[in-house]
Each structure stands twice: as structure tokens, then as C-alpha cells.
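Protein chains get the first letters and strands the later ones, always in sequence-line order, with residue 1 at the start of each.
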There are 2 protein chains.
Amino acid sequence: MQTHFTIDCVIFSFNEGKLQLLLTERNVYPYKDWWALPGFFTEKDEEMEDAVKRILYEHTGLKDIFMEQLGAFAGVKRHPEGRILTVAFSTIVKYEDVRSKIRPITSYMRQAKWFAVDQLPDLAFDHAQIIQQSLQKLKHTINYSTAVYELLPDKFTLTQLQQVYEAILGKTLDKRNFRKKIANAGFLKELPEVQKGVSYRAARLYRFDKRKFQKQTSVM
Amino acid sequence: MQTHFTIDCVIFSFNEGKLQLLLTERNVYPYKDWWALPGFFTEKDEEMEDAVKRILYEHTGLKDIFMEQLGAFAGVKRHPEGRILTVAFSTIVKYEDVRSKIRPITSYMRQAKWFAVDQLPDLAFDHAQIIQQSLQKLKHTINYSTAVYELLPDKFTLTQLQQVYEAILGKTLDKRNFRKKIANAGFLKELPEVQKGVSYRAARLYRFDKRKFQKQTSVM
DNA sequence: GCAAAAGTGTTGTCCTTACACCCATGG
DNA sequence: CCATGGGTGTAAGGACAACACTTTTGC
């Protein structure tokens with residue numbers, strides 16, 4: 001049997017000390033004027049991966065971003081038109097890198113905007129559930145993926161890094177223990193620079209060393 | 001756009017010291033006479049969860065089994081008829097419990113049969129890939145789920161338990177360390193019985209205590 | 001008595017956690 | 001000089017890995 005087939009995108013970023021999520025305001029029925037995950041119908045005989053790329057671009061203006069599959073959500077009652085199967089994908093982007101590029105190409109969506117994950121509006125369809133599941137997954141994989149570093153600018157301070165961990169895990173961490181753990185892991189490169197423009201002691205800047213990270217994790 | 005929508009089931013069990021997988025022999029084109037994961041088309045406006053139950057029953061004779069979603073597999077070239085999206089589900093069953101029930105109801109499949117996961121035949125579609133991914137997931141969740149205990153009979157010896165771990169992880173474990181870890185976890189109940197019918201020292205039997213397991217894990 | 005598997009302890013290393021104060025800087 | 005966040009060490013407990021021999025049983 002055939003079914004409608006859509007893609008939804010969960011796009012995380014980090015700004016102002018908070019985990020952020022990119023949502024679009026729908027300009028079409030159903031759920032017109034509601035906020036929703038960027039997502040839409042696939043086309044006939046379109047590869048799923050191509051559909052993800054296309055829809056991501058058309059709805060947010062973002063390109064060349066790798067998205068990981070979260071899972072399929074069906075449910076006859078998800079949509080007034082009957083069963084629509086959606087496959088959700090998630091990714092993480094650097095806020096500064098995409099800031100100027102966010103802009104829906106299609107007129108199906110009125111605008112795309114960042115929301116702090118702890119201050120989301122009411123969402124269309126079952127998107128709140130998809131987001132919950134995505135956050136769950138992020139929590140579990142945080143230590144085994146480069147996800148955290150995708151959330152930060154190229155050069156960052158240890159406090160910023162800790163904030164990202166805290167935002168994702170939803171709890172505060174001990175500063176000394178956190179730094180020991182990071183130092184131990186050994187895939188941060190200390191830079192000869194420090195923060196600028198702060199009215200207190202400037203913090204050391206670090207960079208993530210992907211090569212060293214892969215060496216570590218590939219042993220396991 | 002619409003797409004064909006199928007379900008595939010990855011069903012693990014454990015017998016003769018090996019991790020086993022239930023496959024069906026196809027009686028229809030495409031891939032007639034090939035071995036494949038039990039799976040078929042969903043029906044119009046059928047809930048995904050209902051489709052899983054129905055297909056599992058029709059193709060293997062198994063009922064009342066909870067299946068967990070693995071993910072969606074699309075791919076225009078998966079199937080001669082064009083894009084067919086399949087959502088894979090996996091589960092684990094006790095070999096003894098189901099032994100006599102395995103039997104396809106539908107004539108689309110000629111027979112259902114267990115194969116050791118390290119001795120699988122050539123498989124239809126992209127089912128080999130789905131199985132690989134499922135095994136990966138099993139490895140990762142082995143310590144945080146009741147999966148292992150679903151694989152064993154009600155009463156089992158510690159050596160049997162260790163064999164299951166070894167089969168899933170694909171490596172041998174140290175007996176003393178393994179027993180310490182299990183004892184530490186504290187959700188096995190030692191029974192007053194021992195093995196029977198063996199020509200060497202009979203091993204103590206244990207039972208898995210689900211209540212204690214949940215207490216442990218829910219704290220985290 | 002022998003074959004076959006059951007059962008059992010110790011040690012070192014490393015990771016995790018808890019916990020509090022001085023330091024550097026800009027204004 | 002003060003407000004603000006940056007930066008640092010230690011001790012205890014728990015988890016993990018390495019490692020080999022004795023015991024029980026059926027035949």
C-alpha cells in the first residue's frame with residue numbers, strides 16, 4: 001500500500017548560553033500559522049537523502065549539511081489527510097556560520113526562526129514528540145560524537161564548552177571535574193590566544209582537534 | 001508524494017550457543033526463493049504499530065511481541081518497482097517459547113527458519129544492511145536493557161548468560177570479571193536448583209529479577 | 001581417576017565525585 | 001578596589017582488567 005511520505009528536520013544550534021532549535025512558520029494548511037519543524041513532502045522516486053537536502057534548503061536556506069536519521073513517525077491521526085509517514089532527521093550547526101543564511105526559499109513557510117529549546121511555542125503535528133526524542137538521543141551520544149563541537153565557534157573557551165554540555169544534559173557540572181575530564185580526553189588544542197572584550201580575566205581559547213578525536217574513538 | 005511502505009522485522013534469539021535470526025523464504029517475486037527478513041506491505045490507513053503486529057504474525061506465526069523501531073530505509077534502487085520505504089523493527093524472543101509457533105500464515109512465504117547470525121545466507125533487498133545496523137544497536141544497548149534476558153530461558157546458568165554476552169559483543173569475556181559484574185549489578189536471583197543431565201559438575205541456576213533491574217536503571 | 005566445566009580473590013589502574021579558594025582583568 | 005568569571009588539587013570510592021588454580025560431578 002502507498003502512503004504519503006514527508007521529511008522533517010530537527011536542527012540544533014547554540015546561542016546566548018542556550019540550546020536552540022530552528023522552526024518554520026507554516027503558510028499553508030493544515031496548521032497554517034503554526035510553528036513546525038522544517039519539513040515537507042518528498043517527490044516521486046526521489047532518494048530519501050536527496051529529499052532531505054532539498055527540503056532543508058527550500059525551507060531554511062541551509063546547504064551542505066549532513067543530517068542523521070532519527071526514525072520514522074507514522075500515525076494515521078498525525079495529519080487530517082490520513083496517514084502520513086515522516087522520517088525525522090537531525091543535525092547540529094554553528095550559530096555564527098548560518099546566522100545570515102537562514103531564510104525559507106519556498107513560500108510554504110513564512111519565516112524560519114531560532115527558539116531556545118526550553119521556550120518552544122506550540123508545535124504542529126507531533127513535532128513536539130519528535131523533538132523530545134531528538135533531545136534524548138543527543139544526550140546519549142554527546143560523549144561519543146563531535147556534536148558538541150559543532151555547536152561552538154571554531155575557537156572557544158572551556159566555560160563555553162561546559163555550557164554546551166550543561167544545556168544538553170540539563171544539569172550543572174563541576175568546573176574542576178569537567179576540565180580534568182576534557183584535559184584527559186586530550187583532543188583540544190590550546191591556542192596562544194585569549195578572549196577579547198570582556199571586563200574580567202580573559203579566558204584561554206581552545207580549538208577542537210578532529211584527528212585526535214578520531215584516533216581516540218576508533219580504538220574502541 | 002506517495003511511496004510504497006513496507007515493514008521488516010529483525011527477530012533475534014539464542015540457541016546452541018549462538019545468536020540466531022529468523023528469516024523467511026520468499027515465495028513471490030521479486031527475490032522469489034531468496035531468504036529475507038519477515039516483512040511486507042502495510043495496508044491503507046493502517047497504523048504502523050498495527051502493521052508490525054499483523055505482518056509479524058502472518059509471516060512468522062508470532063503474536064504479542066513488542067518490537068522496537070530501528071529506522072527507515074528508503075532507496076530508489078532497493079526494489080525493482082521503484083522507491084519502497086521500509087521501516088525496520090527489531091525484537092528478541094526466547095527460543096524455547098517460540099520454537100513450536102514459528103510458521104508462516106501467508107503463502108507469500110514458503111517457510112520461516114532460524115539462522116545463526118554468523119552463517120546467514122544471501123539476503124534479498126538491503127536486508128543484510130538492516131541486520132548489520134540492528135546488531136550494532138544491540139551491542140550498544142546490551143547493558144541498559146533486558147535484551148539479554150529475553151534471549152535466555154527462565155532459569156539459566158551464569159555460563160549461559162556469559163555466552164549470550166559473548167555472542168552479541170563478538171568477543172570472549174573473563175569469567176571471574178564477568179561474574180563479579182553480574183553479582184554487583186544485583187538483579188539476578190540465585191535459585192536453590194542446579195542444572196540436570198550434564199556429565200560434569202552441575203551449575204547453579206539463576207533467574208532474572210525485573211523489579212530489581214528497573215529500580216537500578218530508573219535511578220539514572 | 002579422568003574429563004569437563006563450575007566456581008572463586010587479589011591487585012593495580014583509572015575514572016568519577018565531592019569540595020573551596022586565589023588569580024587576573026577591566027572599569 | 002571591586003566585581004566578575006578564570007583557573008587550580010586532593011582524597012576517597014568505585015569500576016575495570018589482568019591473571020590461575022581448586023572443586024565437583026558423571027562416567
Side-chain angles (χ1 to χ4, degrees), chain A residues 14 16-18 139-140 142-144 152-153 155-207 213 215-217 219-220, chain B residues 16-18 139-140 142-144 148 152-153 155-207 213 215-217 219-220:
Chain A
F14 190 75
E16 293 177 348
K18 286 192 168 177
K139 262 191 209 183
H140 283 116
I142 182 172
N143 281 313
Y144 315 104
L152 288 167
K155 302 171 184 181
F156 52 84
T157 69
L158 295 180
T159 299
Q160 283 176 314
L161 180 59
Q162 186 174 344
Q163 282 171 349
V164 174
Y165 268 87
E166 290 179 345
I168 293 176
L169 297 176
K171 63 179 180 189
T172 58
L173 302 172
D174 179 86
K175 185 159 53 153
R176 278 169 299 186
N177 292 339
F178 180 77
R179 284 166 184 236
K180 245 179 303 173
K181 193 167 157 171
I182 293 293
N184 228 326
F187 39 75
L188 285 199
K189 190 183 171 72
E190 192 176 335
L191 300 176
E193 313 160 51
V194 293
Q195 242 178 347
K196 274 180 186 152
V198 289
S199 71
Y200 46 80
R201 176 171 176 182
R204 173 74 43 193
L205 290 172
Y206 291 80
R207 176 178 285 151
F213 177 83
K215 257 183 220 161
Q216 307 274 315
T217 49
V219 177
M220 292 163 47
Chain B
E16 294 177 348
K18 286 190 168 179
K139 263 191 208 181
H140 283 116
I142 182 173
N143 281 313
Y144 316 104
V148 197
L152 287 167
K155 303 171 182 180
F156 51 86
T157 69
L158 295 180
T159 298
Q160 284 176 314
L161 180 59
Q162 186 174 342
Q163 281 170 348
V164 173
Y165 269 87
E166 291 179 344
I168 293 175
L169 297 177
K171 64 178 180 188
T172 58
L173 301 172
D174 179 88
K175 185 157 56 153
R176 278 169 299 183
N177 291 338
F178 180 77
R179 283 164 184 237
K180 245 179 299 172
K181 192 167 159 173
I182 293 294
N184 227 328
F187 39 74
L188 286 199
K189 190 183 171 74
E190 190 177 337
L191 299 176
E193 314 161 50
V194 293
Q195 242 178 344
K196 273 179 189 154
V198 290
S199 70
Y200 46 81
R201 177 172 176 184
R204 173 74 43 191
L205 290 173
Y206 292 80
R207 176 178 285 149
F213 178 83
K215 257 183 218 162
Q216 307 274 316
T217 49
V219 177
M220 298 168 38

*Asks:* Rounding to a whole Å, what distance do you find between Asn184(B):CG and dC16(D):P?
*Replies:*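 Between P of dC16(D) and CG of Asn184(B): 8 Å.
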
*Asks:* In whole angstrom, give the distance that lies between atom CZ of Phe178(B) and atom C1' of dA18(D).
*Replies:*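 Taking atom C1' of dA18(D) as the reference, CZ of Phe178(B) is at 17 Å.
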
*Asks:* Quickly work out the Glu166(A) CD to dG5(D) C1' distance and round it to whole Å.
*Replies:* 14 Å

*Asks:* Go through the steps to decide whether Asn184(B) and Lys181(B) satisfy the test side-chain hydrogen bond (donor to acceptor under 3.5 Å, both in side chains), and finish with yes or no.
*Replies:* CA-CA 5 Å; Asn184(B) 227 328; Lys181(B) 192 167 159 173; over 6 Å; no

*Asks:* Taking only residues two or more places apart in sequence, or in another chain, which ones meet Lys155(A) in a salt bridge (charged side-chain N to carboxylate O under 4.0 Å, His left out)?
*Replies:* Glu193(A)

*Asks:* Of all residues at least two apart in sequence or in a different chain, which pass the ring-ring contact (aromatic ring centres under 6.0 Å, His included) check with Tyr206(B)?
*Replies:*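 For Tyr206(B), no residue satisfies ring-ring contact (aromatic ring centres under 6.0 Å, His included) once neighbours in sequence are set aside.
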
*Asks:* Note down the inter-axis angle between the two ends of the helix from dG1(C)-dC27(D) to dG27(C)-dC1(D), five pairs each, to the nearest 10°.
*Replies:* 0°

*Asks:* Using a cut-off of 4.0 Å on non-hydrogen atoms, how would the nucleic acid contact of Thr157(B) be classed: base, sugar-phosphate, or nothing?
*Replies:* nothing

*Asks:* Which residue pairs pass the salt bridge (Lys or Arg N to Asp or Glu O under 4.0 Å) test with at least one member in residues 166-176 of chain B, sequence neighbours excluded?
*Replies:*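 Checked against salt bridge (Lys or Arg N to Asp or Glu O under 4.0 Å) - neighbours excluded - no pair reaches residues 166-176 of chain B.
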
*Asks:* Using side chain to side chain donor-acceptor pair (under 3.5 Å) as the criterion, list what pairs up with Lys139(A), not counting sequence neighbours.
*Replies:*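 Once residues adjacent in sequence are excluded, Lys139(A) has no partner under the side chain to side chain donor-acceptor pair (under 3.5 Å) criterion.
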
*Asks:* Return the set of residues passing side chain to side chain donor-acceptor pair (under 3.5 Å) with Thr159(B) (not counting sequence neighbours), or none when no residue passes.
*Replies:*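 Side chain to side chain donor-acceptor pair (under 3.5 Å) list for Thr159(B), sorted by chain: Arg179(B).
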
*Asks:* Nearest 0.5 angstrom please: His140(B) NE2 to Tyr144(A) OH, how far?
*Replies:*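 So the gap between those two atoms works out to 8.5 Å.
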
*Asks:* Whole angstrom is fine here: how far is it from CD in Gln160(B) over to P in dG7(C)?
*Replies:*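 From Gln160(B) CD to dG7(C) P: 11 Å.
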
*Asks:* What residues, two or more places apart in sequence or in another chain, satisfy side chain to side chain donor-acceptor pair (under 3.5 Å) together with Lys189(B)?
*Replies:*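 Partners of Lys189(B) under the side chain to side chain donor-acceptor pair (under 3.5 Å) test: none.
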
*Asks:* Check the distance between dT24(D)'s C1' and Arg204(B)'s CZ and give it to me in whole angstrom.
*Replies:* 12 Å

*Asks:* Rounded to whole Å, please give me the gap between NZ in Lys171(A) and C1' in dT16(C).
*Replies:* 12 Å

*Asks:* Salt bridge (charged side-chain N to carboxylate O under 4.0 Å, His left out) with Arg201(A): which residues, sequence neighbours excluded?
*Replies:*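 For Arg201(A), no residue satisfies salt bridge (charged side-chain N to carboxylate O under 4.0 Å, His left out) once neighbours in sequence are set aside.
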
*Asks:* Roughly how many Å is it from CD in Gln195(A) to P in dT4(D), rounded to a whole number?
*Replies:*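 That distance rounds to 16 Å.
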
*Asks:* To the nearest angstrom, how far is Tyr165(B) atom OH from dC16(D) atom P?
*Replies:* 11 Å

*Asks:* With a non-hydrogen cut-off below 4.0 angstrom, is Arg179(B) in contact with a base, only sugar-phosphate, or nothing?
*Replies:* base

*Asks:* Which parts of nucleotides 17-27 of chain C does protein reach within less than 4.0 Å, heavy atoms only, written one letter per nucleotide 5' to 3' as B for base, S for sugar-phosphate only and - for none?
*Replies:* BBBB--BBBS-

